Amino acid sequence: MELWGVIGCLWLAVLILAALLSNVVVLICFLSCPDIRGQVPGLFTLNLTLCNLLLTVINMPLTLVGVIHGHQPDGEGLCMAAGFLETFLTSNSMLSMAALSIDRWVAVVFPLSYHSKMRYQDAAVILLYSWIHSLAFPTVALCLSWIGFHQIYGSCTLYNKRPEEEASFLAFIVLFHLLSFLLSFLVLCVTYLQVLKVARSHCRRIDVITMQTLVLLVDLHPSVRQRCLEEQKRRRQRATKKISTFIGTFLLCFSPYVITRLVEISSSTPISSHWGIVSRCLAYSKALSDPFVYCLLRNQYKSCCRELVNKLLKRSSANSSAQRMNSYVGSLVLTTEQ
């Protein structure tokens, strides 16, 4: 195996372990914390986490095997099932991110009517559409035998082996990426830019009140005044950083693979298998970044993780204390008998 292949395999192996651990932690937090389960966005987060887990457990290891051996996993049926599942899970995860952005937009732009506009029934309808939308394309591809092992990407994915169907397959691929990647990206941009606009408006109002207060408090210590100004600056940057992270990770992870696929199908430009595997791994890395971007860096999940760790530590300390007490009682009994 070449050096690039070894690097790709190591990257995939580390990606599988890290993505599995982070998504399992998110799932444990969801199941353990009633506050997280009781919120409507928790349904979208759960759907996204399950998609990432299945992609990590099933598709990433099969891609790792394909990169190592250079051919499809044993059995045509297994490869067809893996390609079907990968297409479904990737599209479903993109639409889940779009749903989370819509939920955030409703919460920020319509805060007073959020609970009437975004109920569990509404979230269920959005998830139902996401599943139907995501199932439609791999089902059509499966019926037309447009799923197979692609040597460039080292994975089972959408692939056409018949030259006479090139035009139809090209139209299908373009439509798939338009209604999955581009649609989700446009929803992310429109909703989060509206959220950013509202956040900046709130920051301006808070800044005016802060400056008026600082002017009135003449005897305020300079260090306190400086801290207020620094907090004001951090507040302005916080929303921009979060929204840039949401949109930036989506674009960075998915766009190289989407662009590579469109160039590969629509032109005669040869695509290097090294770049194909890199673009595929970048798309897989979204399964690792999602738990941190959407969940684990939020205060609610941090507090839930702390509670779980504290419970485990208390339980282990209680068990060790009980064991020490039992051993002490046993030694006393033996001493008494002697």
Side-chain angles (χ1 to χ4, degrees), residues 22-23 26 30 36 39-49 51-52 89-120 122-127 129-130 133-134 177-207 231-259 282-283 285-302:
S22 57
N23 282 284
V26 172
F30 180 86
I36 297 175
Q39 296 178 347
V40 174
L43 293 178
F44 303 136
T45 304
L46 178 63
N47 190 56
L48 179 61
T49 303
C51 288
N52 288 335
L89 293 175
T90 304
S91 179
N92 201 355
S93 63
M94 289 181 183
L95 294 174
S96 297
M97 295 173 220
L100 283 167
S101 71
I102 292 173
D103 175 82
R104 187 49 36 202
W105 171 71
V106 174
V108 172
V109 178
F110 308 102
L112 299 179
S113 57
Y114 170 74
H115 292 290
S116 62
K117 291 179 180 293
M118 189 60 72
R119 301 164 299 173
Y120 276 103
D122 303 317
V125 170
I126 294 173
L127 284 181
Y129 167 76
S130 175
H133 182 126
S134 304
H177 288 304
L178 282 176
L179 295 179
S180 56
F181 170 76
L182 188 60
L183 175 64
S184 301
F185 178 66
L186 289 176
V187 171
L188 286 172
C189 289
V190 171
T191 53
Y192 280 132
L193 289 178
Q194 286 291 322
V195 170
L196 182 60
K197 182 179 178 182
V198 174
R200 284 180 173 175
S201 175
H202 291 335
C203 284
R204 281 195 295 269
R205 284 201 283 274
I206 295 172
D207 291 345
E231 178 59 29
Q232 182 179 339
K233 183 179 178 181
R234 283 195 296 268
R235 189 167 49 245
R236 284 197 298 265
Q237 295 175 347
R238 196 175 297 132
T240 305
K241 286 180 180 179
K242 286 184 178 181
I243 290 170
S244 300
T245 302
F246 291 145
I247 299 176
T249 53
F250 183 90
L251 201 60
L252 178 65
C253 293
F254 287 127
S255 59
Y257 178 72
V258 173
I259 294 171
L282 278 173
S285 65
K286 195 70 175 73
L288 171 60
S289 66
D290 285 343
F292 296 97
V293 171
Y294 290 99
C295 301
L296 296 179
L297 296 180
R298 291 174 54 196
N299 291 329
Q300 195 174 20
Y301 280 85
K302 287 180 181 178

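Note: hydrogens, waters and symmetry copies are ignored here, and every other heavy atom, side chains too, is used. Note that this is a predicted model, so its numbers are computed, not measured. The first residue in the sequence is number 1, and the count goes up from there.
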Inset, instruction - Can you sort out the partners of F44 under ring pair (Phe, Tyr, Trp, His ring centres under 6.0 Å), two or more places apart, ordered by chain and number? - result: none
Inset, instruction - Look only at the side chain of S96 and the backbone of N92, and say whether a donor-acceptor pair between them is shorter than 3.5 Å. - result: yes
Inset, instruction - List in chain and number order the residues that pass side-chain hydrogen bond (donor to acceptor under 3.5 Å, both in side chains) with T191, two or more places apart in sequence or in another chain; answer none if no residue qualifies. - result: S101
Inset, instruction - State which residues pass ring pair (Phe, Tyr, Trp, His ring centres under 6.0 Å) with Y120; sequence neighbours excluded, sorted by chain then number. - result: none
Legend entry - All pairs passing side chain to side chain donor-acceptor pair (under 3.5 Å) where residues 239-251 contributes a residue, at least two apart: none
Legend entry - Short side-chain to backbone donor-acceptor contact, H133 and S91, under 3.5 Å: no
Legend entry - CE on M118 to CZ on R104, rounded to 0.5 Å: 10.0 Å
Legend entry - Counterpart residues, side-chain hydrogen bond (donor to acceptor under 3.5 Å, both in side chains), relative to S180 (two or more places apart): none
Inset, instruction - List in chain and number order the residues that pass side-chain hydrogen bond (donor to acceptor under 3.5 Å, both in side chains) with H177, two or more places apart in sequence or in another chain; answer none if no residue qualifies. - result: none
Legend entry - CG-CG distance between L89 and N47, expressed to the nearest 0.5 angstrom: 9.5 Å
Inset, instruction - Look up atom CG in L48 and atom OG in S93, then write down how far apart they are to the nearest 0.5 Å. - result: 6.5 Å
Legend entry - Residues that Y114 engages under ring pair (Phe, Tyr, Trp, His ring centres under 6.0 Å), provided they are two or more places apart: none
Which atom pairs, donor and acceptor, lie under 3.5 Å between side-chain atoms of residues 286-301 and protein residues at least two apart or in another chain?
{"residue": "K286", "atom": "NZ", "partner": "D290", "partner atom": "OD1", "Å": "2.3"}
{"residue": "S289", "atom": "OG", "partner": "K286", "partner atom": "O", "Å": "3.3"}
{"residue": "D290", "atom": "OD2", "partner": "N52", "partner atom": "ND2", "Å": "3.4"}
{"residue": "R298", "atom": "NH2", "partner": "Q300", "partner atom": "OE1", "Å": "3.2"}

Legend entry - Those residues that, when tested against F181, pass ring pair (Phe, Tyr, Trp, His ring centres under 6.0 Å) (two or more places apart): F250
Inset, instruction - Answer yes or no: is there a side-chain heavy-atom contact under 4.5 Å between T90 and M94? - result: yes
Legend entry - Spacing of OG1 belonging to T45 relative to CD1 belonging to I36, to within rounding of 0.5 Å: 9.0 Å
Legend entry - Side-chain heavy-atom pair Y257, L282 within 4.5 angstrom cut-off: no
Inset, instruction - Under the side-chain contact (heavy atoms from CB on, under 4.5 Å) rule, collect the residues that match up with L178, sequence neighbours excluded. - result: V174, L182
Inset, instruction - Provide the full list of salt bridge (Lys or Arg N to Asp or Glu O under 4.0 Å) pairs with a residue in residues 110-119, sequence neighbours left out, each pair given once. - result: R119-D122
Legend entry - Minimum heavy-atom distance between V195 and W105, given as atom pair plus value: CG2-CA, 3.7 Å
Inset, instruction - Could you tell me the separation between the CD1 atom of I247 and the CG atom of L193, rounded to the nearest 0.5 Å? - result: 5.0 Å
Inset, instruction - Just jot down the side-chain contact (heavy atoms from CB on, under 4.5 Å) partners of L46, sequence neighbours excluded, or say none. - result: L27, F30, L50
